[in-house]
Amino acid sequence: MWDFEFTLEVMPDLLEGLWITVQATVMGYLIALALGLAIAMVRRVPYAGGVVHAVMEFIRTTPLLVQLVFVFLVAPSTVSGMTIGVVVLGVHYSAYTAEVYRSGIEGVAKGQWEAARALSLPARRTWGAIVLPQAIRKVIPALGNYLIAMFKDTPLLFAIGVAELLTQAQRLGAANFRVVEMYTLVGFLFLIVSIPSAILIRRLERRYAAV
Amino acid sequence: MEFLIERLPLYLDGAWVTIQLTIGGSALAFVLAMVFGTLGSMKHWLPRAVATVYVEVFRGIAALVLMFWMAYALPVATGFQLEDRFAAIVALGLNVGAYGAEVVRAAINAVPKAQVEATVALNMSWFQRTRLVVLPQAWAQMLPTFGNLVIELMKATAVAYLIGVADLTAVAQQMRQGTGETIIAFVGALILYYLIAQVLISGMRLLERRANRRLGRTPSGGTGLSALLKYPAVGGGSAGVG
Amino acid sequence: MPPSETPLHEGPQGVEGQPLIVFDQVVKRFGDLTVLDHLDFQVDPGERVTLIGPSGSGKTTILRLLMTLEKVTEGHIWVDGEPFSHMPRGSGLAPASESYLRAKRRRVGMVFQQFNLFPNMTVRQNITEAPIHVLGTPKDEANQRASDLLDLVGLGEKIDAHPTQLSGGQQQRVAIARALAMQPEILLLDEVTSALDPELVAGVLDVLREIAETTDITMLCVTHEMGFARDVSHRVLMFDQGQIAEEGHPDQIFGDPREERTKSFLRSVLDNGD
């Protein structure tokens, strides 16, 4: 039934795919963390905030896959699939992280803003030294959840030809007529990464006060 | 614009398939979430272990991987070929059901202990207590997160296109290949996805308000159409589904 | 206390004048904290007993043990000559199973300090739910009984209201009706007026007085309402540190307490304006 020899043989290729998956996740996540924070702060600006919110809402309620394929097709052919994948993943998830940051910022007591105002702190210090340190600490577990969610969305890069885990599995499976082994292995590799990270997030939740 | 109007019937066919996948997947996910969420809230270790295995496995594997497995590996392994659309629904249901089970478990555990004590004082059995008191009260708490999960599931239906289901995304691709109008073809599909999401959001808001009224709570977001159209907040605990 | 030579599972003997409730060397610990310390006491059928004492003295734990919300750490509880905290197994006793407890707790009802009405049900459903689903009472009969009971507690017109639309005092009267709808032989009242605003206390106590006068339900009552305790109870137990410090007729306990602990407790309660 199960071909163990074949399993060992393809493992290096699969792990290479997994490595690309992890890279795409981490880079996309960094974009999501930074962009999400910027969006959450801009959202407090009248008018501009409303426009940004509407755009992010559109991104958040439409499929990531369609966004990926769409951007891939309209982007100049000099841009690599990996770059497009990372950017689209990052922007898509910034719609989520922005909401997380927002809940954290709203959770900071009004008195903190007022105290900063009473001390005549400039906006940069108010945000940088007072509001964000308190807000972000509380939302670390929620942000961590989106890292895992993003990891599980990277197989979508398959659709734009990035040689990530699922793409490798499909190529090898088709070439060797071993699809059961391949897709089952992909499933296991996902579990090997996502279960420990889920446990890690639970630790984080216990350590930092959940929102 | 003309381009889109001409091809609207095709888009609507695709959208109808997307809606079918969403409804089918949500129905399966709902049943699985209720069953495994309730098991996960029990005192005995065995049902809890069963629930944990289900949640961790099907939450941990991406919906697309699950779908590929159903569509391509399952027929080879068992000789049993699922219809593409059905395979997509099963994969989405299993995946989102795992997220939902955690929501159900948390909501059940959040029902005040005093309520459970009152059911003991009235000599209700575990089954009566769960059905008559615990689940109806947990329901209001589950709904907002369920709303987010339904949206996530709807978005995830797009991956069914990769196993050959003729959904909205497939129509967009077909349109692009037929006409070369990439931008219009895809923006049309994205707008339809957006509209479907808005209908789902409004529907969930109605359910939420009804559930809160049942518990004698007044809705916090005011009343009338404006409250209906407001976006539900994305809860910190509701990670995206993938 | 059952004589030690009788086989354990037969419990206290003598049907004539047999006590309804027997606590036999009951110990209850929460971790290192001993709440009940080898407690013995008995309650006769139809007797109304008030438990008083400083908070943390174990009064509420006694009610929660009788409602099977807690399990004894050591010792046994008997109801009507049958084991209650345990079940017979072979010639001895084993910890009671859930199904055994379900059969036994049918005779017991409880009213809670915080009412604990079900917010997902109307007043009527709160009262009829358990009779219909647990006792199998026909729906019409359960509804009829619910409206009779609501009349008794003076809330006949609130039958279709929602718990959140009622004041605390009204909610507590519904909770009393809900407990009575199960036709318990033993009614446990756990500080039922402590969570109420002062002006709402009298209404609830009047209902309980009426029940005490018109029925022969055995009542165990934990309360700080000394006037009420004096009016309705046959006997008062003064608890301190998990044991009975003093017991007697209400006139004696309130009029001529013998123990210093009882005196100082009563003084502290009266100073608080109760």
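Order of the sequence lines fixes the chain letters, A, B, ..., with proteins taken first and strands second; residue numbering starts at 1 for each chain. Source: prediction; values computed, not measured.
- Formation of a donor-acceptor pair under 3.5 Å by the B:K155 side chain with backbone atoms of A:L65 is not found in this model.
- Proximity to chain B is limited to the side chain of A:S194, based on heavy atoms less than 4.5 angstrom apart.
- In this structure, A:F190 and B:I61 approach most closely via the heavy-atom pair CB-CA, 4.3 Å.
- Taking both residues in full, the closest heavy atoms of B:Y194 and A:T61 are given as CD1-OG1, 3.2 Å, listed atom of the first, atom of the second, then distance.
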### Task
Kindly determine whether B:F186 and A:V69 satisfy side chain to side chain contact (heavy atoms under 4.5 Å, CB included), including the steps that lead there.
CA-CA 9 Å; B:F186 273 81; A:V69 175; 3.6 Å; yes
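- Among residues 159-167 of chain A, the residues having any heavy atom closer than 4.5 Å to a heavy atom of chain B are, in sequence order, A:A159, A:L166.
- If you take CD on A:E57 and CD1 on B:I201, they are separated by 6.0 Å, rounding to the nearest 0.5 Å.
- Counting heavy-atom pairs closer than 4.5 Å to chain B, the top residue among A:I195, A:T184, A:L189 is A:T184.
- When heavy atoms are compared at a cutoff of 4.5 Å, A:T154 does not approach chain B at all.
- If you measure heavy-atom distances from B:L190 to chain A, the contacts under 4.5 Å come from both the backbone and the side chain.
- Going from atom CH2 of B:W69 over to atom CE of A:M182 covers 14.5 Å, rounded to the nearest 0.5 Å.
- Environment of CD in A:E5: sparse, with no more than 12 heavy atoms of neighbouring residues, nucleotides or ligands closer than 6.0 Å.
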### Task
Applying salt bridge (Lys or Arg N to Asp or Glu O under 4.0 Å), run through B:E102 and A:R202 and close with a yes or a no.
CA-CA 13 Å; B:E102 282 297 275; A:R202 236 168 278 156; 5.6 Å; no
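- For the residue pair B:A62 and A:P155, the shortest heavy atom distance occurs at CB-CG, 3.9 Å.
- Using cut-offs of 30° and 60° for the angle between ring planes, the A:F158 and B:F68 rings count as perpendicular.
- A:K152 places a side-chain N or O within donor-acceptor distance of the main-chain N or O of B:R59, the cut-off being under 3.5 Å.
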### Message
Apply side chain to side chain contact (heavy atoms under 4.5 Å, CB included) to residues B:V187 and A:F70 and explain how you reach the verdict.
### Response
CA-CA 8 Å; B:V187 168; A:F70 177 49; 4.0 Å; yes
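- Nearest heavy atoms, A:L191 versus B:V57: CD2-O, 3.5 Å.
- Enclosure of atom CZ in A:F6 by more than 12 non-hydrogen atoms of other residues, nucleotides or ligands within 6.0 angstrom is indicated.
- Taking every heavy atom of both residues into account, A:V179 and B:Y72 meet most closely at CG2-O, 3.5 Å.
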### Task
Apply the test side chain to side chain contact (heavy atoms under 4.5 Å, CB included) to residues B:Q173 and A:L73: give CA-CA distance (whole Å), side-chain angles for both, the deciding distance (0.1 Å), then the verdict.
CA-CA 10 Å; B:Q173 277 287 27; A:L73 290 171; 4.3 Å; yes
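- Ranked by non-hydrogen atom pairs under 4.5 Å with chain A, the options B:I151, B:T169, B:I183, B:L200 are led by B:I183.
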